[in-house]
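Here's the structure, in structure tokens; my notes come after.
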There are 2 protein chains.
Amino acid sequence: MRAKISDIAKLAGVSTASVSRVLNHQGGYSRQTAERIMKIADDIGYFKDRSAADLASRHNNTIGVIYTDFETNFNDLIIRQIMTAAKQHQLDVILMIAQQNDPAGLTKIVRGMIERRVFAVQFISTHPSFQIINMLNRANIFPQVIGDATNHQVSSVSSDDTQIGYQATRYLIQKGRRRIGFAGPNVHQDYVPRLRFAGYRQALADSGLSFSPDWLYEENYSYQAGIRAAKYYQQQIRLVDAVIGISDEVSWGLLNGFYDAQVDVPNDVALISIDGTELCQQTRPKLTSVTQDFVTMGEKAIDQVINQRDQPHQITTTTVAFRIDPRETT
Amino acid sequence: MRAKISDIAKLAGVSTASVSRVLNHQGGYSRQTAERIMKIADDIGYFKDRSAADLASRHNNTIGVIYTDFETNFNDLIIRQIMTAAKQHQLDVILMIAQQNDPAGLTKIVRGMIERRVFAVQFISTHPSFQIINMLNRANIFPQVIGDATNHQVSSVSSDDTQIGYQATRYLIQKGRRRIGFAGPNVHQDYVPRLRFAGYRQALADSGLSFSPDWLYEENYSYQAGIRAAKYYQQQIRLVDAVIGISDEVSWGLLNGFYDAQVDVPNDVALISIDGTELCQQTRPKLTSVTQDFVTMGEKAIDQVINQRDQPHQITTTTVAFRIDPRETT
DNA sequence: GTGAAAGCGCTAACAT
DNA sequence: ATGTTAGCGCTTTCAC
């Protein structure tokens with residue numbers, strides 16, 4: 001059997017209450033008993049049973065973080081920051097990975113988090129359904145979406161995606177490009193692509209450029225989608241003189257796809273990527289990007305979680321600034 | 001207050017025991033009560049409290065997985081497989097991320113896992129100290145290292161790293177290369193690099209080639225290390241005619257570093273990478289690699305964990321086969 | 001098929 | 001500064 005506080009109490013000749021107090025550094029005991037208890041705990045290899053502790057104290061300062069093992073790779077940046085910030089605030093984090101396109105799986109993961117009585121769950125590049133958000137709300141757990149806006153009622157931390165689309169396009173136009181492609185997921189189905197696409201259309205319109213439907217390549221966020229997009233753009237000579245890749249992965253695919261087809265980037269076609277992770281500096285030529293500030297997102301996300309703690313939950317939308325980093329593909 | 005089984009019991013006019021039975025699908029109740037209870041549970045938004053359940057049943061089928069947010073990127077592959085296999089075996093997984101070079105942090109994470117009473121903890125590309133392994137053993141929790149051999153007494157699942165070094169070198173020699181560089185971390189300090197380097201030396205010796213110390217570039221597993229390694233190899237004209245990169249990231253850095261210095265890969269210098277993740281097909285030219293089978297590693301890791309469950313723990317070493325994938329850099 | 005009751009290991013009043 | 005005691009929400013014998 002594993003050691004428990006009653007074992008320590010017996011050995012130290014004190015009550016379990018005292019043991020609990022010193023083990024939790026709650027004060028109200030003498031230095032001597034404290035030391036004695038600590039030593040015994042150490043000697044017998046005692047470890048608190050968190051189930052028991054959580055149950056008895058009926059609170060729990062852990063948050064749940066769920067991310068999707070996605071084609072994009074900025075998750076790490078956000079998660080790392082969340083872990084760091086959480087540590088500073090003495091929060092425990094439990095992490096889960098959801099599979100893409102597996103709503104049942106996501107529901108199960110969320111159930112697990114509810115059963116573990118976390119007080120908030122953060123979704124990173126994951127699309128929780130309305131039902132899931134509802135489930136969390138009913139369970140009085142704060143739901144939050146990070147790095148990915150949605151159209152339903154949840155707190156979120158993300159960039160202004162319409163502006164991202166707008167500024168990326170504007171940048172290309174200023175560079176003298178006129179036939180600007182847009183490669184990514186379906187722009188009617190998914191929310192973020194829709195926003196970015198709307199910004200793109202607006203920028204085109206504001207510059208008096210008319211949009212041509214064959215500039216749009218719709219698939220998903222992946223490298224392979226980029227490869228195929230490049231192939232697509234090549235079928236028609238001079239179809240586009242620039243392309244916006246919806247993620248670094250797509251842009252990388254575009255870059256390699258064009259390279260394989262011996263299209264000169266940026267002379268024949270300019271490229272701008274959305275995300276701006278390290279990857280952009282690791283391609284040749286290096287990718288110009290709209291760079292999102294994922295570190296700040298992680299930080300703000302924890303701030304939001306802390307602020308609503310022990311309060312009636314409110315829906316808050318935090319927007320984080322982005323910038324454009326010119327590199328070698330424009 | 002949150003709903004609990006006693007609430008359901010009251011509403012259904014049964015005892016909490018019955019509620020517990022149906023909620024856990026344990027059988028021994030009529031179809032009717034079952035349905036009634038399920039419905040009520042659903043209606044009032046009941047969620048089990050796992051702390052209470054675990055405490056009462058005094059067992060727990062969750063395993064802990066700890067990975068380090070490393071320069072290398074094969075973690076995802078292993079973790080994904082672990083999650084999949086765990087799901088099949090009805091195991092719960094809790095994931096934690098350790099920071100590099102933060103032993104205190106790792107200890108804390110492991111403590112957390114012990115407190116949560118997981119029955120096994122898996123370390124992926126993480127170096128648990130002897131103390132940590134000991135702590136787990138004393139707590140009767142099965143420790144396991146994946147994708148990374150160590151010299152101390154722990155169960156592990158990994159490739160045969162000496163053979164990896166040997167075969168990579170041999171392959172290059174067969175391609176007619178004679179002055180073969182080796183770029184990675186310190187080959188005396190870290191265990192895996194040491195093994196691979198030993199294999200490399202052996203292959204050289206077996207072919208009657210004598211090793212030159214300036215063929216060795218020691219830093220770490222990162223892309224930047226690769227960049228600097230390429231710079232280093234360039235300082236002396238024709239120092240090497242091939243390089244082994246200890247990870248895909250290092251190799252990518254080497255490739256780009258050589259590209260930036262206008263060294264022709266593979267004509268001037270051939271390159272072989274160790275790991276063989278998707279990255280190798282995403283560079284131009286594509287990287288030849290020693291490809292490790294991370295999926296199988298994840299699978300075997302779970303097998304190991306299952307096999308020792310509820311048994312006296314034994315130290316098992318599982319070796320997973322690798323292969324060489326010739327691509328464009330050799 | 002169902003219920004009563006005894007804990008699981010801990011925390012937190014409330015005493016002293 | 002320390003002890004007593006009553007739970008926390010569930011599972012699990014053991015009755016019936």
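It should be emphasised that the depicted structure is a prediction, and the values quoted were computed from it without experimental measurement. These numbers come from the heavy atoms of this one structure, side chains and all, not from hydrogens, waters or symmetry mates. In the text below, chain A, chain B and the rest are named by the order of the sequence lines, each starting its count at 1.
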Compare side-chain N and O positions of A/Ser15 against OP1 and OP2 of D/dT2 and report whether any pair is under 4.0 Å apart. no

Does B/Ser6 place a side-chain N or O at less than 4.0 Å from the phosphate oxygens OP1/OP2 of D/dC10? no

Give the minimum heavy-atom separation between B/Ser15 and B/Ala9, together with the two atoms involved. C-CB, 3.8 Å

Determine the sole option in B/Val22, B/Leu23, B/Asn24 for which the side-chain contact (heavy atoms from CB on, under 4.5 Å) test with B/Gln26 is passed. B/Asn24

Here the distance between atom P of D/dC8 and atom CG of B/Asp54, to the nearest Å, is 19 Å

If you measure from the Lys or Arg side-chain nitrogens to the Asp or Glu carboxylate oxygens, is any gap between A/Arg50 and A/Asp92 under 4.0 Å? yes

If the test is ring-ring contact (aromatic ring centres under 6.0 Å, His included), which one of B/Phe294, B/Tyr67, B/Tyr221 qualifies with B/Phe74? B/Phe294

When all nucleic acid strands are considered with a 4.0 Å heavy-atom cut-off, which category describes A/Gly13: base, sugar-phosphate, or nothing? sugar-phosphate

Between the base of C/dG3 and the side chain of B/Arg21, is there any donor-acceptor pair under 3.5 Å? yes

Regarding A/Thr318 and A/Gln304, do their side chains bring together a donor and an acceptor under 3.5 Å, going by distance alone? yes

Per A/Ala17 side chain, nearest of listed nucleotides D/dT12, D/dC10, C/dA12: C/dA12

Testing D/dT12, D/dC10, C/dA4 for proximity to the side chain of B/Ala52, the answer is D/dC10

Just checking B/Asn24: base, sugar-phosphate only, or nothing, at a heavy-atom cut-off of under 4.0 Å? sugar-phosphate

Separation of D/dC8 atom P from B/Asp49 atom CG, nearest Å, is 12 Å

Pairwise 5' ranking along DNA chain C for B/Val14 and A/Tyr46, keeping only the more 5' one: B/Val14

Candidates C/dG9, C/dA4, C/dC8 - which lies nearest the side chain of B/Ala56: C/dC8

Whether the side chain of A/Arg117 and the base of D/dG9 hold a donor-acceptor pair under 3.5 Å is what I'd like checked. no

Would you say a side-chain N or O of A/Ser18 is under 4.0 Å from OP1 or OP2 of D/dG3? yes

Roughly how many Å is it from NZ in A/Lys4 to P in C/dG7, rounded to a whole number? 11 Å

Taking B/Asp54 first and then B/Lys48, would you say they form a salt bridge - that is, a charged N and a carboxylate O separated by under 4.0 Å? no

Residue B/Ser30, side-chain heavy atoms: nucleotide from D/dT11, C/dG3, C/dG1 that is nearest: C/dG1

For the pair made of CG in B/Leu55 and C1' in C/dG7, what is the distance, rounded to whole Å? 9 Å

Look at the side chain of A/His59 and decide which nucleotide, out of C/dC10, D/dT12, C/dA12, has an atom nearest to it. C/dA12

Salt bridge A/Asp43-A/Lys39, side-chain N to carboxylate O under 4.0 Å: yes

Using whole Å, what does the distance between atom C1' of nucleotide C/dG3 and atom CD1 of B/Ile37 come to? 12 Å

Rounded to the nearest Å, what distance is computed from the CD atom of residue B/Glu115 to the P atom of nucleotide C/dC8? 20 Å

Output the rounded distance in Å from NZ (A/Lys48) to P (C/dC8). 19 Å

Please give, in whole Å, the distance from D/dT2 P to A/Ile8 CD1? 16 Å

Is there a donor-acceptor contact under 3.5 Å from the side chain of B/Asn307 to the main chain of B/Asp303? yes

Net bend of the helix from C/dG1-D/dC16 to C/dT16-D/dA1, end axes of five pairs each, nearest 10 degrees: 30°

Is the distance from OP1 or OP2 of C/dG1 to the nearest side-chain N or O of B/Gln32 less than 4.0 Å? no

If you compare every side-chain N and O of A/Thr16 against the phosphate oxygens of C/dT11 (OP1, OP2), does one of them come in below 4.0 Å? no

Mind checking if B/Ser51 touches a base, just sugar-phosphate, or nothing, with heavy atoms under 4.0 Å? nothing

